[in-house]
Each structure stands twice: as C-alpha cells, then as structure tokens.
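Order of the sequence lines sets the chain letters (A, B, ...), proteins ahead of strands, with each chain counted from 1. Keep in mind that this is a model prediction, so the values were computed, not measured.
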There are 2 protein chains.
Amino acid sequence: MDRLVHPDLKDVSLAAALHALADPVRLEIVSRLVACPCLNASTACTDGTPKSTISNHLNVLRAAGLVETRIEGRERINRLRCVDFDARFPGLLATVLANKA
Amino acid sequence: MDRLVHPDLKDVSLAAALHALADPVRLEIVSRLVACPCLNASTACTDGTPKSTISNHLNVLRAAGLVETRIEGRERINRLRCVDFDARFPGLLATVLANKA
DNA sequence: CGTATAGTTCAATATTCCCGAACTATGGAA
DNA sequence: TTCCATAGTTCGGGAATATTGAACTATACG
C-alpha cells in the first residue's frame with residue numbers, strides 16, 4: 001500500500017478548489033468533517049451513495065488540498081485541512097460552509 | 001428571438017453556483033465583468049477561446065444567476081448580478097474574486 | 001485459519017464539455 | 001432594397017469526466 005499523497009496548497013488552483021466544492025455529495029462530506037473532525041469513508045457516506053463513488057469524491061477533495069487522509073488500521077481517517085486551505089484561499093471555505101447551511 | 005431567461009436566485013443551489021465559478025474561463029469572464037460592468041460576448045472572450053464555447057460559458061453563468069444579459073441591437077450586453085447573487089450567497093462572490101487575483 | 005470490515009481499482013456505461021460548421025438576426029453601406 | 005459584416009446561437013460528434021457494480025487488497029478478530 002503506497003503512501004497517500006497530499007498536495008502542497010500552492011499547487012492547487014482556485015478553479016480546482018471551487019470544482020472540488022461544487023458537488024452536493026462533496027459539500028455534504030465537507031460539512032460532516034466540520035462537525036466531526038475525524039471521519040472514515042463509511043461515516044462520510046451520504047445516504048445511498050456507493051462506496052466507490054465516495055472513494056472518488058474523497059480523492060477529489062484530497063487532490064484539492066481540502067482533506068487529509070491518515071491510514072489507521074483498516075480504515076482511513078479523514079480530516080479537513082482548514083489551516084492550509086485557508087492560508088491559500090482566505091475565507092473561502094468558511095464562506096462556502098456558511099452558505100451551505 | 002425569445003426572451004433571455006434569468007433565474008430567481010432562490011432556485012440556484014450552492015453547488016450550482018460553485019460549479020459556475022469553478023472554471024478558469026468563467027472566472028476570467030466574471031473578473032472582466034467586475035472591471036468593466038457592461039461587456040458583450042466578444043469582449044468577454046479570453047484569448048483564443050471559440051465563441052461557441054464563450055456562448056456556453058455565458059449560459060452557465062446566466063443559469064447560476066451570476067450574469068444578466070440584455071439584448072442591445074445585434075449584441076448582448078452582460079452584467080454581473082452582484083446584488084442578487086450576494087443576497088443569496090453572502091460574501092461568496094467577493095471571496096472568490098479576492099482569491100482570484 | 002476463516003470471516004467480516006474498510007476501502008481501492010478496474011472497466012463499462014452515462015454524462016458533460018468543447019468547438020467547428022452552419023445558422024439567425026441586426027446594422028450599415030451602396 | 002440588396003448585399004455584406006458583425007454578434008451571437010444552435011447543432012452534432014468526438015473528447016473528457018463521472019458514476020457505479022464487481023472484483024480485489026488489506027487489516028482485524030474470533
């Protein structure tokens with residue numbers, strides 16, 4: 001099992017960041033990560049969305065620098081990279097989350 | 001020629017709004033509309049992007065409630081719906097634009 | 001060991017996007 | 001009016017993305 005890759009935020013474009021957030025399932029995952037800062041993929045699952053789809057969505061979030069994934073036994077714990085993301089895109093995540101409610 | 005349709009902002013989801021902004025060409029169009037509040041499609045054109053593509057991008061922006069288009073002779077004048085959009089998604093457009101620079 | 005759990009990868013399908021070519025419509029000149 | 005240029009839309013096909021079931025890997029536990 002190779003190490004999970006987490007990008008440097010300076011390599012993430014604004015368009016890529018917005019694209020990552022521009023999906024209902026991913027928005028839901030992100031809000032859940034705010035509420036519960038350590039979430040595995042199953043818990044992140046929204047209703048009936050299949051796990052392969054969730055896996056892809058988490059890849060997108062990770063590639064956008066929004067989520068960090070740590071392997072813990074047989075599960076992957078996901079965490080928002082709030083500080084890194086906010087340093088790169090000040091206010092963006094907070095504004096999006098405020099508008100999501 | 002049928003009238004151009006401009007959605008009520010309450011019918012625009014956050015995901016749709018973010019999707020409209022999550023594209024380099026559309027971001028460029030939006031920033032140009034900030035700089036110059038009345039722009040036709042040709043002027044909105046970024047470098048070599050074909051006009052059919054620009055037409056589609058403007059459709060997306062219009063459907064997201066970001067742009068209002070007014071027919072004026074043989075051209076269409078585009079304008080940002082700043083007030084409407086900001087009422088629906090407070091701070092979002094400003095934050096995105098601030099991060100675009 | 002065998003089984004259950006957590007998640008990825010693959011491949012096929014479905015959807016969306018891009019852009020050239022053809023088209024519509026308006027304005028102005030001859 | 002007729003002709004041409006300008007401004008932009010629409011259509012269609014190929015390219016790129018997204019979704020998802022099935023098979024697979026890996027770990028934990030009895």
From the options D/dA22, D/dA7, C/dA21, select the nucleotide whose nearest atom is closest to the side chain of B/S52. C/dA21
Closest approach to the side chain of A/H19, judged atom by atom: which nucleotide of D/dA18, C/dG7, D/dT9 is it? D/dA18
Provide, to the nearest angstrom, the distance between the [atom1] atom belonging to [X] and the [atom2] atom belonging to [N].
X	N	atom1	atom2	value
B/L58	C/dC17	CG	P	15 Å
A/D23	C/dT15	CG	P	16 Å
A/K51	D/dC24	NZ	P	14 Å
A/H57	D/dT20	NE2	P	8 Å
B/R76	C/dT26	CZ	C1'	11 Å
A/N59	C/dG7	CG	P	13 Å

Assuming nearest nucleotide by heavy-atom distance, tell me which of A/R74 and B/T69 is located more 5' along DNA chain D. B/T69
On DNA chain D, compare the nucleotides closest to B/R62 and A/V60; which residue's is nearer the 5' end? B/R62
SB check B/R32 B/E28 (cutoff 4.0 Å): yes
Answer yes when B/R81 and B/E68 have at least one side-chain N-carboxylate O distance shorter than 4.0 Å, and no when they do not. no
Between A/L27 and B/L14, which heavy-atom pair has the shortest distance, and what is it? CD1-CD2, 3.9 Å
Establish, with yes or no, whether the OP1 or OP2 oxygen of C/dC19 is under 4.0 angstrom from a side-chain nitrogen or oxygen of B/T53. yes
For C/dT8, take OP1 and OP2 only and decide whether either is under 4.0 Å from a side-chain N or O of A/S55. yes
With no hydrogens and no angle check, do the side chains of B/T69 and B/R62 hold a donor and an acceptor under 3.5 Å apart? yes
Looking at every strand, decide which applies to B/N56 at a 4.0 Å heavy-atom threshold: base, sugar-phosphate, or nothing. base
